[in-house]
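Below: the structure, in structure tokens.
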Amino acid sequence: MIADNDITSTLQEKVVAAIADQQPLNIMGGGSKAFYGNTTTGIPVQVAPHTGIIAYEPSELCITARAGTRLQDIEALLAANGQMLAFEPPCFSPDSTIGGVVASGLAGPARPWSGSVRDHVLGVKLITGYGKVASFGGQVMKNVAGYDISRLITGSMGTLGLILEVSLKVMPRPATELTLTLDLPSQEAFELVTTMRNSTLPLSATCYFDGCLYLRLSGVASHVVASHRKIGGEPLNNPDQFWEALRNQTHEFFQQYDRPLWRLSFPSSANVISRLEGNSLIEWGGSQRWVYTNIPVNLIRNIAHKGEGHATVYRGSLPGVNPFHPLQPNMLSVQQRLKQAMDPHSIFNIGRMYKDW
């Protein structure tokens, strides 16, 4: 087995060489999210061999692991101790890594109630665009400059640095869970979920698909049972299987490939899905909407803009169209300055998110 220090040194040497040669790098983990974002060129750098749990103490509600550690292995360890990653990251393949979880920033059904990936990242160790190994976050060192680098790295798609280690907050698994189903028209379902989001009901996930609203309740048994009596609906058989399929996108809805799949994110109060043609599935209490559609790009992104949201071509390519929603000029300027500060030699996953960076 190659020692951890040897792998870190090898990765650092590749970054230093890339800086000297002005040669971009293509950072790769398990490869399960290669479809997401733009294709990037460059010398492949494999992080998957950099594996292992560094620290885990269940009573501390924190785990630290090397970036190549498989997500399945981490979740199995947590489950054995009655804990979980509360943001429910998707696991698209047995090779999915914890570094890829943080780099992509993708979260599952519980995201509105338990928080995003960014909300659970406590610290990161990475190789910077200067070829140095640096640590940031609560588990390793205080960010004396005032910048929360670990949160900036989350969702950056490997464009700001090469992740070596991550520290994540973990949570106890709920004592009781119950999934209810209600056959409702889309507008009634939206209004019900909106009301529930503003209540004390123990809601932990929602999905609306094919005329059926799915509601997951999580918490103390007495509260879950009382909530069921108040809401009504029929308990779903095999609920874990349903939410796992939704989370990992093996649900039947995600098996279509005839049209581009768009992911639209809105404030929870925005009710715009009826304006979009095509097959759809709605999650996160209305905040995340998946839509298969061939309507013009400018139209769907204009709808997203008016709803104070954004629209991403999640799967499938459109010639000349960047998958991620165009940034407003002020935000674009901030992002470009951040890229320049973190990756001054432009070597990390160039073009993965936006053209030229």
Side-chain angles (χ1 to χ4, degrees), residues 1-54 64-74 89 91-106 117 121 123-137 140 149-150 152-167 323-324 338-357:
M1 179 180 291
I2 301 175
D4 169 53
N5 287 340
D6 292 340
I7 296 177
T8 298
S9 296
T10 298
L11 292 172
Q12 188 175 11
E13 288 169 3
K14 290 183 178 182
V15 172
V16 170
I19 292 172
D21 298 339
Q22 290 293 290
Q23 176 63 55
L25 300 174
N26 179 14
I27 303 171
M28 303 172 64
S32 65
K33 301 177 184 67
F35 68 91
Y36 185 51
N38 294 306
T39 300
T40 182
T41 58
I43 300 173
V45 178
Q46 297 283 351
V47 183
H50 191 52
T51 64
I53 306 295
I54 296 171
T64 300
R66 298 186 182 102
T69 307
R70 297 195 315 166
L71 175 60
Q72 286 187 345
D73 294 340
I74 290 176
C91 186
F92 297 139
S93 135
D95 296 323
S96 294
T97 64
I98 197 64
V101 166
V102 173
S104 68
L106 297 176
V117 183
V121 174
V124 297
K125 178 186 284 187
L126 53 85
I127 301 175
T128 71
Y130 298 89
K132 306 294 184 180
V133 175
S135 298
F136 306 91
V140 284
I149 301 300
S150 58
L152 290 175
I153 291 295
T154 306
S156 65
M157 302 292 289
T159 62
L160 299 180
L162 190 156
I163 301 173
L164 292 173
E165 300 173 8
V166 298
S167 295
F324 297 103
L338 176 62
K339 174 67 172 176
Q340 176 60 31
M342 297 287 292
D343 183 21
H345 303 284
S346 296
I347 61 167
F348 293 130
N349 284 11
I350 300 301
R352 184 68 188 267
M353 295 188 74
Y354 293 97
K355 183 180 179 181
D356 300 329
W357 61 273

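Remark: the Ser167 side chain and the Thr64 side chain contain an N/O donor-acceptor pair separated by less than 3.5 Å. Judged by distance alone, the side chains of Thr51 and Thr69 never bring a donor and an acceptor atom under 3.5 Å apart.
Interatomic distance, CE of Met28 versus NZ of Lys33, reported as 13.0 Å (0.5 Å rounding). In this structure, the separation between CG on Asn349 and CG on Asp343 is 9.0 Å, given to the nearest 0.5 Å. Taking CD1 of Ile149 as the start and CG of Leu126 as the end, the distance is 8.0 Å to the nearest 0.5 Å. Interatomic distance, CE of Met157 versus CZ of Arg352, reported as 3.5 Å (0.5 Å rounding). Atom SG of Cys91 sits about 4.5 Å away from atom CD of Gln72, to the nearest 0.5 Å. Taken from OG1 in Thr159 to CZ in Phe348, the straight-line distance is 10.0 Å, to the nearest 0.5 Å.
The aromatic ring centres of Phe324 and Tyr36 sit less than 6.0 Å apart.
Residues Thr41 and Thr39 fail the side-chain proximity criterion, which asks for heavy atoms closer than 4.5 Å. The side-chain heavy atoms of Val121 and Val166, taken from C-beta on, include no pair separated by under 4.5 Å. Side chains of Ile7 and Val47 form no contact here, defined as non-hydrogen atoms less than 4.5 Å apart. Annotation: side chain of Val133 is in contact with side chain of Gln12 (closest heavy-atom distance under 4.5 Å). You'll find the side chain of Lys125 stays beyond 4.5 Å of the side chain of Phe136, heavy atoms only. Taking 4.5 Å as the limit, every side-chain heavy atom of Lys14 sits out of range of all side-chain heavy atoms of Ile43. Within the 4.5 Å cutoff, the side chain of Pro344 has heavy atoms near those of the Tyr130 side chain.
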Residue pair Glu165, Ile54: steps toward the side-chain contact (heavy atoms from CB on, under 4.5 Å) verdict: CA-CA 9 Å; Glu165 300 173 8; Ile54 296 171; 3.1 Å; yes
Residue pair Leu160, Lys339: steps toward the side-chain contact (heavy atoms from CB on, under 4.5 Å) verdict: CA-CA 6 Å; Leu160 299 180; Lys339 174 67 172 176; 4.3 Å; yes
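Taking each heavy atom of Ser32 and Ser96 in turn, the nearest pair found is OG-OG, 2.9 Å. Looking at every heavy atom in both residues, Ala65 comes nearest to Ile98 through CB-CG2, 4.4 Å. In terms of heavy atoms, Gly131 sits closest to Val16 at O-CG2, 3.9 Å.
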Could you list the donor-acceptor pairs under 3.5 angstrom formed by side chains in residues 17-27, with sequence neighbours left out?
from, atom 1, to, atom 2, distance (Å)
Gln22, NE2, Ile19, O, 3.0

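Residues passing the side-chain contact (heavy atoms from CB on, under 4.5 Å) test with Asn38, sequence neighbours excluded: Asn322, Pro323.
Among the candidates Val101, Ile74, Leu106, the single residue satisfying the side chain to side chain contact (heavy atoms under 4.5 Å, CB included) test with Pro89 is Val101.
One N or O on the side chain of Ser156 and one on the backbone of Ile153 form a donor-acceptor pair closer than 3.5 Å.
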